[in-house]
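See structure below.
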Amino acid sequence: MINLKGKDILDGAQFTREDIDYIMALADDFRTQLRNKPAIDLMRGYILATLFFEPSTRTRLSFETAMHRLGGNVIGFSSAESTSTAKGETLADTIRTVDQYADIIAMRHPQIGSAREAASVAKAPVLNGGDGAGQHPTQALLDLYTIQTELGKVDGTTIVLCGDLKNGRTVHAGVELYKHYKCRLIMVAPDQLKMPAEIVAKLRAHNIQVTETDNLEKALAEGDILYMTRIQKERFADVAEYERLKDSYILTRAMVERIRPNLTIMHPLPRVNEITPDVDTLPTAAYFRQVGNGVFIRMALIAAVMGMPV
Ligand code: CP
């Protein structure tokens with residue numbers, strides 16, 4: 001029996017395969033229910049706080065959409081400058097304060113470990129919407145759900161992870177989920193932006209086949225899914241290094257058509273240059289459907305941690 005009531009959602013490693021199956025089934029259920037009506041009266045009277053100390057479009061707005069679609073209410077902020085953080089308030093005190101107002105907290109913060117720190121002082125469940133270059137577990141779940149909905153399966157697939165695998169929190173969280181499946185991972189990155197060695201070692205210890213390369217075209221020839229990521233400018237101490245690396249990989253429509261016409265193309269977004277706009281109209285370009293899936297997955301997570309009967 002899966003029971004996520006009262007749980008914080010902090011990193012991809014916390015989920016069992018049963019948790020993942022439960023959340024994806026709940027997301028499917030919400031998707032079906034929303035075909036016939038704009039909202040579900042499940043969270044009426046409850047308040048979600050969205051505390052975003054770092055920029056976001058999708059994560060904040062999809063959390064807010066999810067709560068509205070569940071019939072609940074939302075408070076929050078989208079930049080730290082407009083809050084008492086700018087006067088020197090600590091994260092812990094901000095969380096203790098919001099805990100007096102809200103029943104559930106979704107947050108994003110530039111520091112690795114910030115969501116865990118928040119969870120340690122909050123009574124309300126804390127959902128990590130990204131902690132620096134650390135983790136982004138709700139994105140990882142919606143990514144996995146997208147693979148499941150696009151291909152009908154995760155087992156047996158070859159997933160190409162490309163771009164800034166050192167700083168990308170979506171891939172750090174994602175591989176923690178992929179390790180529950182029989183899939184192969186090809187990691188494509190320049191030397192400076194490779195997936196941290198301890199993460200690769202952990203995957204191999206789980207018998208996940210991992211190949212590391214800097215050659216995107218060779219990887220695409222073997223891949224079922226490309227999970228492209230942005231080079232994370234905001235994580236670079238040296239701007240010149242970012243400038244050298246920012247266009248390491250650019251996926252074009254011609255590449256897809258020449259190398260792997262059936263490739264399912266995903267991206268957590270935002271993109272900069274790494275997927276050219278002519279890719280967008282390919283039927284297998286899934287990244288905007290991926291965005292939509294974020295609402296169903298976040299509805300499922302909110303309902304699950306609030307212990308709502310569904
Ligand atoms: N995928 C994602 O985290 O997007 P935002 O930065 O817009 O929230």
Side-chain angles (χ1 to χ4, degrees), residues 9-12 23 27 48-69 74 76-82 104-112 114-115 118 126-147 149-150 159 161-178 193 225-236 242 246 249 251 264-275 279-280 285-302:
I9 304 297
L10 301 178
D11 62 43
I23 293 161
L48 165 74
T50 54
L51 314 182
F52 277 65
F53 299 84
E54 253 195 356
S56 168
T57 297
R58 280 146 290 271
T59 308
R60 185 174 65 84
L61 293 180
S62 64
F63 264 122
E64 296 188 358
T65 303
M67 191 59 170
H68 286 302
R69 296 256 187 240
V74 177
F77 55 81
S78 57
S79 81
E81 290 73 48
S82 63
I104 177 169
I105 297 170
M107 63 173 281
R108 170 174 290 183
H109 192 281
Q111 296 301 320
I112 293 177
S114 50
V126 171
L127 309 182
N128 180 7
D131 59 327
Q135 288 276 312
H136 195 346
T138 69
Q139 177 74 44
L141 284 163
L142 80 88
D143 294 341
L144 190 74
Y145 182 62
T146 300
I147 295 173
T149 53
E150 293 289 320
I159 305 169
L161 306 173
C162 179
D164 189 347
L165 306 186
K166 176 184 172 193
N167 297 305
R169 56 196 174 198
T170 69
V171 287
H172 296 167
V175 296
E176 295 288 354
L177 305 188
Y178 300 144
L193 299 177
I225 300 138
L226 170 64
Y227 187 88
M228 184 60 103
T229 66
R230 176 177 65 91
I231 308 296
Q232 307 261 306
K233 182 179 185 180
E234 63 276 29
R235 310 285 174 225
F236 280 73
Y242 168 73
K246 68 177 185 186
Y249 301 105
L251 184 78
T264 296
I265 304 154
M266 295 173 55
H267 192 310
L269 305 178
R271 78 175 138 184
V272 186
N273 285 330
E274 60 278 2
I275 298 179
V279 176
D280 298 357
Y287 29 94
F288 290 108
R289 292 190 290 277
Q290 191 180 344
V291 170
N293 289 337
V295 174
F296 305 123
I297 284 290
R298 290 179 174 121
M299 288 175 75
L301 286 167
I302 291 170

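Just follow the structure's listing: the first ligand is 1, and inside any ligand the first atom is 1. All values reported here derive from a predicted model rather than from experimental measurement.
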Inset, instruction - Kindly determine whether Leu161 and Tyr178 satisfy side-chain contact (heavy atoms from CB on, under 4.5 Å), including the steps that lead there. - result: CA-CA 12 Å; Leu161 306 173; Tyr178 300 144; 4.3 Å; yes
Inset, instruction - Find all atoms of ligand 1 within a distance of less than 4.0 Å from any non-hydrogen atom belonging to His136, and give their numbers and elements. - result: 3 (O)
Legend entry - Nitrogen or oxygen atoms of Pro268 and ligand 1 under 3.5 Å apart: yes
Legend entry - For ligand 1, the portion of Thr170 having any non-hydrogen atom under 4.0 Å away: neither
Inset, instruction - Please could you name the atoms of ligand 1 that Gln139 approaches to less than 4.0 Å, counting only its heavy atoms? - result: 1 (N), 2 (C), 3 (O)
Inset, instruction - Any atoms of ligand 1 less than 4.0 Å from a non-hydrogen atom of Leu269? List them with their elements. - result: 1 (N), 2 (C), 4 (O)
Inset, instruction - Check the surroundings of atom CZ in Arg69: do more than 12 heavy atoms from other residues, nucleotides or ligands lie under 6.0 Å from it? - result: no
Legend entry - Ligand-side contact atoms (ligand 1) for residue partner Thr57, heavy atom cut-off under 4.0 Å: 5 (P), 7 (O), 8 (O)
Inset, instruction - Would you please say whether a donor-acceptor pair under 3.5 Å links the side chains of Arg60 and Thr50? - result: no
Legend entry - Heavy-atom nearest option to atom 6 (O) of ligand 1, drawn from Glu54, Arg58, Arg108: Arg108
Legend entry - Glu54 and Arg235: CA distance, side-chain angles, deciding distance, salt bridge (Lys or Arg N to Asp or Glu O under 4.0 Å) verdict: CA-CA 12 Å; Glu54 253 195 356; Arg235 310 285 174 225; 3.0 Å; yes
Inset, instruction - Answer with yes or no whether the side chains of His136 and Arg108 bring together a donor and an acceptor at under 3.5 Å. - result: yes
